[in-house]
Every structure is written in C-alpha cells, then in structure tokens.
Amino acid sequence: GIGLVYQLNPSIQLLAGVHKGFSPPGPGVDDIHPEESINFEWGGRLRSRFTELNAIAFHNRYKNLLGEDTHFAGEETYAQFNAGKVNVDGLELSTSHKINTNGYWVPLAFNYTFTKTKFLSSFKSDFDGWGDVTAGDELPYVPVHQIFAEAGVIEQNWKFYLRYRYMSFMRTEAGSSALVDSKKTDPISIVDLTGEFQVTKNIDVYMKVLNVLDYQGIVAARPAGVRPTMPRAVLAGIRFSL
C-alpha cells in the first residue's frame with residue numbers, strides 16, 4: 001500500500017491512501033479462491049492545540065469475498081466459501097478535545113461511522129447468512145450507523161471514563177428489501193464506566209462496569225437462535241508493572 005499526507009498549513013493535513021489486501025483460504029481447500037481487495041481512503045485532519053477533527057471517506061472493493069461456517073456464525077462445519085465481488089463505502093467523522101481545569105484534564109471524544117455495502121454479483125450459497133444473493137443486496141451484520149462517545153476526568157493518580165456505544169440495526173441475512181423484525185438485530189445502546197487508581201508507582205487498581213443500564217437487545221440471529229447483549233457486568237482487578 002501507499003499513503004500520502006500533505007501539510008496544507010500548520011493546522012490542516014490532507015491525506016490519501018491506497019492499499020491492496022489478500023486473504024488466502026485454509027490449507028487443503030482446492031475450490032475456494034483467495035480473497036482480494038483494493039482499499040481507498042482520503043480525507044483531512046484539523047489540529048489546534050487540544051482539539052482535533054478528522055474526516056475520512058473510504059471505498060473498499062472486494063473480489064472473492066471469503067466466508068466461513070464457524071462455531072460463532074453457523075453450524076461449526078468450518079467450511080469456507082466465496083461470495084463474489086463486494087463494495088463497502090463509508091465515511092468516518094471523529095473529534096476530540098481536552099480541557100484543563102483546576103488541575104484536572106477532561107478528555108472528550110466523539111466518533112461516527114457511516115457504512116454502506118453491496119454485493120456486485122449474484123450467487124447461491126449454502127451458508128444461511130448469505131443464501132440466494134442478488135447483485136445489489138446488502139451484506140448481513142454490517143451496521144449503517146455507529147457512534148462512539150467518551151468523556152473522562154484525569155488526575156495525577158486516578159482516571160475515570162464514561163463511554164457510550166451505539167450501533168444501528170443490522171440485517172441477519174443478505175438482502176435489499178425492507179427489513180422485518182425476524183431478519184434484523186436491534187439497535188444497540190451501551191454505556192460503560194471505567195476507573196483506575198494508581199496505588200504506587202508499580203501498582204494500579206481498576207474497575208469496569210459494562211452495560212451500566214443493563215440494556216437488553218438482539219445482537220445476532222445465529223447460531224442456535226437469537227443472541228442478546230451481554231448483561232451488566234462488574235470487573236475489578238489489580239495491575240502490576242515491573
């Protein structure tokens with residue numbers, strides 16, 4: 001691949017890149033072609049003291065997209081298969097800012113990703129997630145909208161973060177028609193809390209509260225029926241560094 005960055009002025013950068021991807025099938029597979037891709041990206045970055053803004057557009061072209069019937073996605077046969085040509089296009093917007101007040105740092109961050117997918121070829125697959133695909137269908141399990149937001153407070157000996165993640169509903173099967181509830185996931189909104197305290201130079205204690213609001217939604221339809229989000233979980237531990 002190749003990437004280029006042009007410094008337009010002290011605060012603004014323009015960037016672009018082209019990358020070639022390759023993913024071979026597993027050993028002993030004779031009738032499956034390796035997956036190939038060409039990935040383009042371009043955009044800009046603005047930096048001004050404690051503020052940063054990024055806007056990146058991307059266009060990915062896949063040939064012989066590889067799929068696998070794994071324990072997590074199907075019937076655990078681990079059979080591999082190709083899905084022809086696929087385009088993935090999107091836009092990623094992100095911003096971050098740091099505030100210094102009364103000896104505390106307050107980092108803020110926000111990220112939004114828009115993604116559209118399209119099969120460019122028609123085919124039939126034994127894999128339930130793809131099935132009979134018509135050119136123009138969307139890929140399953142790729143959300144159109146994703147959001148990540150974070151706010152924190154950092155002091156010399158401790159730090160605390162509140163994080164929010166959102167994913168719009170996803171197709172559970174390839175297609176292009178209007179979605180019905182039985183063939184899509186739920187939109188997911190998750191709030192996490194994390195904290196860390198430095199006891200000594202080499203010892204930290206930390207705690208995480210995942211899915212604070214105990215949001216329950218369907219995140220997948222296979223294998224073996226629908227799967228919900230992970231329920232509220234509390235993790236705590238001690239970290240040693242040498």
Side-chain angles (χ1 to χ4, degrees), residues 1-8 12-47 52-70 72-74 78-96 110-148 165-177 179 185 220:
I2 183 171
L4 301 173
V5 177
Y6 178 73
Q7 194 76 37
L8 187 64
I12 299 176
Q13 290 180 337
L14 303 178
L15 54 92
V18 180
H19 300 272
K20 172 71 173 178
F22 175 83
S23 180
V29 180
D30 298 326
D31 58 343
I32 304 299
H33 301 288
E35 176 184 292
E36 300 179 55
S37 65
I38 300 179
N39 309 311
F40 304 88
E41 62 179 7
W42 56 93
R45 177 179 297 119
L46 169 66
R47 287 176 176 166
E52 181 171 314
L53 299 170
N54 296 277
I56 305 293
F58 55 89
H59 172 66
N60 302 331
R61 301 177 184 173
Y62 291 89
K63 178 182 178 182
N64 299 320
L65 183 71
L66 268 179
E68 187 173 7
D69 186 20
T70 66
F72 301 101
Y78 288 92
Q80 293 184 306
F81 38 85
N82 288 124
K85 296 181 180 180
V86 172
N87 277 0
V88 178
D89 298 284
L91 175 68
E92 183 172 355
L93 304 174
S94 63
T95 181
S96 63
F110 178 85
N111 181 283
Y112 167 75
T113 303
F114 171 82
T115 309
K116 289 294 287 183
T117 64
K118 182 194 299 184
F119 283 103
L120 301 183
S121 51
S122 301
F123 63 94
K124 292 185 178 181
S125 172
D126 293 332
F127 179 56
D128 290 341
W130 291 352
D132 294 342
V133 174
T134 301
D137 284 352
E138 297 177 340
L139 273 70
Y141 291 107
V142 179
V144 175
H145 306 286
Q146 296 182 75
I147 292 174
F148 172 80
R165 292 174 289 133
Y166 169 83
M167 285 196 308
S168 60
F169 63 80
M170 299 179 287
R171 293 181 179 273
T172 59
E173 297 178 7
S176 56
S177 60
L179 282 172
T185 65

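Side chains are part of it too, since the values below use all heavy atoms of this structure and drop only hydrogens, waters and symmetry mates.
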Nearest 0.5 Å, what's the [atom1]-[atom2] distance between [X] and [Y]?
X	Y	atom1	atom2	value
Asp89	His59	CG	NE2	5.5 Å
Trp42	Phe40	CH2	CZ	8.0 Å
Lys116	Leu139	NZ	CG	11.5 Å
Leu120	Tyr62	CG	OH	12.5 Å
Leu53	Leu93	CG	CG	9.5 Å
Glu52	Ser96	CD	OG	5.0 Å

State, to 0.1 Å, how close [X] and [Y] come at their nearest heavy-atom pair, and which atoms those are.
X	Y	value
Glu35	Leu66	OE1-N, 2.8 Å
Ser121	Gly84	OG-CA, 3.5 Å
Phe119	Thr134	CB-O, 4.5 Å
Ser176	Gly136	CB-O, 4.1 Å
Tyr141	Thr185	CE2-CG2, 4.1 Å
Pro143	Ser168	CB-O, 3.8 Å

Should the heavy atoms of other residues, nucleotides or ligands under 6.0 Å from NZ of Lys20 be counted, would the total exceed 12?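 Above 12, so yes.
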Heavy-atom count around Phe148 CZ within 6.0 Å, excluding the residue itself: above 12?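 Yes, because the 6.0 Å sphere around CZ of Phe148 holds more than 12 heavy atoms from other groups.
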How far apart are the C-alpha atoms of Val144 and Phe169, what are their side-chain angles, what is the distance that settles it, and do they pass the side-chain contact (heavy atoms from CB on, under 4.5 Å) test? CA-CA 8 Å; Val144 175; Phe169 63 80; over 6 Å; no
Taking the side chain as every heavy atom from C-beta outward, state whether Pro25 and Pro34 have any pair of such atoms under 4.5 Å apart.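 They are in contact (side-chain heavy atoms under 4.5 Å apart), so the answer is yes.
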Could you check whether any side-chain heavy atom of Leu91 comes within less than 4.5 Å of a side-chain heavy atom of Tyr112, counting everything from C-beta outward?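 A side-chain contact is absent here, since even the closest heavy-atom pair is not under 4.5 Å.
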Kindly determine whether Glu92 and Asn111 satisfy side-chain contact (heavy atoms from CB on, under 4.5 Å), including the steps that lead there. CA-CA 7 Å; Glu92 183 172 355; Asn111 181 283; 2.8 Å; yes
Glu36/Arg61 salt bridge by N-O under 4.0 Å criterion: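 No, this pair does not count.
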